[in-house]
Visitor: 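Here's a structure for you.
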Amino acid sequence: MSTVATRYWHALDDGRIQCDTCPRYCKLNEGQRGLCFVRARENHQIVLTTYGRSSGFCVDPVEKKPLNHFLPGTPILSFGTAGCNLACQFCQNWDISKSRETDTLADSASPGAIAAAAKDTGCQSVAFTYNDPVIFLEYAVDVAQACHENGIKAVAVTAGYICDEPRRDFYRYMDAANVDLKGFTERFYSQICAGHLRPVLDTLVYLKKETKVWFEITTLLIPGENDSEREIEDMTQWILLNLGPDVPLHFTAFHPDYKMLNRPSTPPMTLTNARKIAMKNGLRYVYTGNVHDEDGGSTYCHNCGTKIIGRDWYEITAWKLTADGHCASCGALCAGVFDGAPGNWGARRMPIRLSRL
């Protein structure tokens, strides 16, 4: 099965059908696909055309999502499909997210098979990643439900670009998420991503105020586009005011890719300075990524300053937390989802074919 009916759409007076999954609101004639490529109008309804099909499966370290406060050190079964509902000029996974080739979807699996594969490979969680799971919502929800039946947690790696009703439907089944906050200006979202900032902020506030989903935020800093001190000040002050001090924030390094080849890679000092600004503004857990920076990759107790989780890339080098996530030195709680000792998966990346398990 690869085509299934969807819920979030309505008919327009001019004969077109509007998809209501994300704020792009694609208006389609019969046979047309939305910008995401995977949602289409067939037989006078919006359908998902890639249910049960994947661009590949891989066991990754959970820190690669990145999630630093969710079951540290454990492996996570990761997969995506094809397409995306944004059009970021800097996309680092453009070969998957911008794919219009069905050959990209070379692997297939039912929700139950994915949950079983996670269990067989020793994974405590499954991640919808590589492209945004919002566009394959129905498949992701079914996989999450199958995972929960097998004691496996579900993780979304997403840009958070989704409408209110499907947002509630989607996150009802998620245990954790990493949300890309791609910038903090409407200019950046409209000119660089072909989207809008407000729906992403709405997703973040919804996750904090109305769910128990553990979530972290990632911002890819692009030289000359979203890395000014003013923008980082504004963003981190907004996070503190609206989400509180305990939501982890990851500043990651850009490298030239896709349609943005005219910008240099992010200098490590830009990430370090952004981290300093965020911590000055009261955020407790701020990280640097895509660069080798043990200090910027490690977790420190917000109360006494002890390094409670040391990291060298994806390897855990120090652990000073109690089983329930308190600092072993002073007893202060470290926000997150912890379950005893950390895993020892390390930096391994293990591609798998489900048909061979």
Side-chain angles (χ1 to χ4, degrees), residues 63 65-70 72 159-160 176-186 188-189 197-198 200-222 226-253 266-291 293-311 318 320-322 324-338:
E63 288 82 3
K65 300 305 101 187
L67 288 171
N68 279 358
H69 292 239
F70 183 78
N178 186 289
V179 180
D180 281 340
L181 181 54
K182 295 178 182 292
F184 203 67
T185 64
E186 178 62 18
F188 184 87
Y189 266 89
L197 172 61
R198 173 49 56 185
V200 183
L201 300 183
D202 290 345
T203 292
L204 291 169
V205 172
Y206 169 75
L207 286 170
K208 181 63 179 181
K209 306 294 186 183
E210 299 189 46
T211 79
K212 294 183 179 180
V213 176
W214 175 257
F215 70 99
E216 305 185 16
I217 298 171
T218 296
T219 299
L220 185 79
L221 293 182
I222 304 173
N226 65 348
D227 65 338
S228 71
E229 290 190 4
R230 178 72 268 159
E231 185 165 341
I232 293 167
E233 286 275 4
D234 291 345
M235 181 178 72
T236 54
Q237 289 173 14
W238 182 92
I239 290 172
L240 181 70
L241 179 65
N242 292 274
L243 308 179
D246 288 331
V247 175
L249 173 60
H250 303 256
F251 289 115
T252 58
T266 310
M269 187 55 66
T270 297
L271 304 178
T272 299
N273 288 340
R275 180 171 180 260
K276 288 179 180 178
I277 291 171
M279 296 177 74
K280 170 191 66 93
N281 285 334
L283 301 188
R284 293 173 171 173
Y285 310 109
V286 187
Y287 301 100
T288 59
N290 294 346
V291 293
D293 178 6
E294 288 191 53
D295 185 53
S298 296
T299 302
Y300 296 85
C301 176
H302 66 87
N303 184 57
C304 71
T306 296
K307 182 189 288 189
I308 48 181
I309 308 176
R311 298 182 187 86
K320 293 186 179 179
L321 282 178
T322 64
D324 57 352
H326 288 79
C327 173
S329 296
C330 74
L333 179 66
C334 178
V337 178
F338 305 103

Visitor: Does Asp180 reach the side chain of Leu220, with side-chain heavy atoms less than 4.5 Å apart?
Guide: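 No; the side chains remain at least 4.5 Å from each other.
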Visitor: From Asp246 CG over to Ile239 CD1, what is the distance, rounded to the nearest 0.5 angstrom?
Guide: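 The distance works out to 12.5 Å.
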Visitor: How long is the straight-line distance from CD of Glu63 back to CD1 of Ile309, given to the nearest 0.5 Å?
Guide: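 Taking CD1 in Ile309 and CD in Glu63, the distance rounds to 8.5 Å.
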Visitor: For the side chain to side chain contact (heavy atoms under 4.5 Å, CB included) test, which of Leu221, Asn273, Asn226, Thr219 pairs with Ile232?
Guide: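 Only one option passes, and that is Leu221.
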Visitor: Test side chain to side chain contact (heavy atoms under 4.5 Å, CB included) on Leu181 and Leu201; report intermediate values, then the result.
Guide: CA-CA 8 Å; Leu181 181 54; Leu201 300 183; 4.0 Å; yes
Visitor: Could you go through the side chain to side chain contact (heavy atoms under 4.5 Å, CB included) check for Cys301 and Ser329 one step at a time?
Guide: CA-CA 9 Å; Cys301 176; Ser329 296; over 6 Å; no
Visitor: The test is side chain to side chain contact (heavy atoms under 4.5 Å, CB included); show your working for Asp295 and Tyr300 and say whether it passes.
Guide: CA-CA 9 Å; Asp295 185 53; Tyr300 296 85; 2.7 Å; yes
Visitor: Using the rule side chain to side chain contact (heavy atoms under 4.5 Å, CB included), only one of Met235, Arg230, Glu231 pairs with Thr185; which is it?
Guide: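 It is Glu231; the other options fail the test.
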Visitor: Would you call Arg198 and Glu186 a salt bridge, taking side-chain N to carboxylate O under 4.0 Å as the test?
Guide: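 No.
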Visitor: Is there a side-chain contact between Phe251 and Thr270, using heavy atoms and a 4.5 Å cut-off?
Guide: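 The answer is no; the side chains never approach within 4.5 Å.
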Visitor: From Leu207 CG over to Lys212 NZ, what is the distance, rounded to the nearest 0.5 angstrom?
Guide: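 Reported value, rounded in 0.5 Å steps: 14.5 Å.
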Visitor: So Cys327 and Asn303, do their side chains get closer than 4.5 Å, heavy atoms only?
Guide: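 No, every pair of side-chain atoms sits at 4.5 Å or beyond.
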Visitor: I'd like to check Leu204 versus Lys208 (side-chain heavy atoms, cut-off strictly below 4.5 Å). Are they in contact?
Guide: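 Leu204 vs Lys208: side chains apart.
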Visitor: Only one of Arg311, Lys307, Lys320 clears side chain to side chain donor-acceptor pair (under 3.5 Å) with Thr299; which?
Guide: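 That would be Arg311; it is the only one of Arg311, Lys307, Lys320 passing the side chain to side chain donor-acceptor pair (under 3.5 Å) with Thr299.
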Visitor: Any idea which heavy atoms bring Leu67 and Ala177 closest together, and the distance?
Guide: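 The pair with the smallest heavy-atom distance is CD2-O, 3.6 Å.
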Visitor: Could you check whether any side-chain heavy atom of Thr266 comes within less than 4.5 Å of a side-chain heavy atom of Leu271, counting everything from C-beta outward?
Guide: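 A side-chain contact under 4.5 Å exists here.
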Visitor: Taking the inter-plane angle between the rings of Phe338 and His69 on a 0 to 90° scale, is it parallel (under 30°), tilted (30 to 60°) or perpendicular (over 60°)?
Guide: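 Plane angle between 30° and 60°, so tilted.
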Visitor: Do Pro66 and Thr218 come within less than 4.5 Å of each other through their side chains, counting heavy atoms only?
Guide: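 Sidechains of Thr218 and Pro66: in contact.
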Visitor: For the backbone of His302 and the side chain of Tyr285, can you confirm whether one donor and one acceptor N or O come within less than 3.5 Å of each other?
Guide: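 No; zero donor-acceptor contacts below 3.5 Å.
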Visitor: Which distance, rounded to the nearest 0.5 Å, do you find between the CD of Glu233 and the CD1 of Ile277?
Guide: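 Answer for the CD-CD1 pair, Glu233 versus Ile277, is 5.0 Å.
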Visitor: Working to the nearest 0.5 angstrom, can you tell me the gap between Thr236 OG1 and Leu243 CG?
Guide: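 If we round to the nearest 0.5 Å, Thr236:OG1 and Leu243:CG are 11.5 Å apart.
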Visitor: Which heavy atom of Leu321 sits nearest a heavy atom of Cys334, and at what distance?
Guide: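 Looking at all heavy atoms of both residues, the closest pair is CD2-CB, 3.9 Å.
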Visitor: Does CD belonging to Glu210 count more than 12 external heavy atoms closer than 6.0 Å?
Guide: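 Yes, enclosed.
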Visitor: Evaluate the side-chain proximity of Pro268 to Asp293: yes if any heavy-atom separation is below 4.5 Å, no if none is.
Guide: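 No, their side chains stay 4.5 Å or more apart.
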Visitor: Taking all non-hydrogen atoms of both residues, which atom of Leu197 and which atom of Gly183 are closest, and how far apart?
Guide: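 Closest pair (atom of Leu197, atom of Gly183, distance): CD1-O, 3.8 Å.
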Visitor: Once rounded to the nearest 0.5 Å, what's the spacing between atom CZ of Arg284 and atom CG of Leu240?
Guide: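 Here the rounded value is 9.5 Å.
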Visitor: Any heavy-atom pair between the side chains of Asn68 and Pro248 that's under 4.5 Å?
Guide: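 Side chain of Pro248 against side chain of Asn68, heavy atoms only: no contact under 4.5 Å found.
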Visitor: Between Phe184 and Asp234, what is the shortest heavy-atom contact and its length?
Guide: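 So the minimum-distance heavy-atom pair works out to CE2-O, 3.6 Å.
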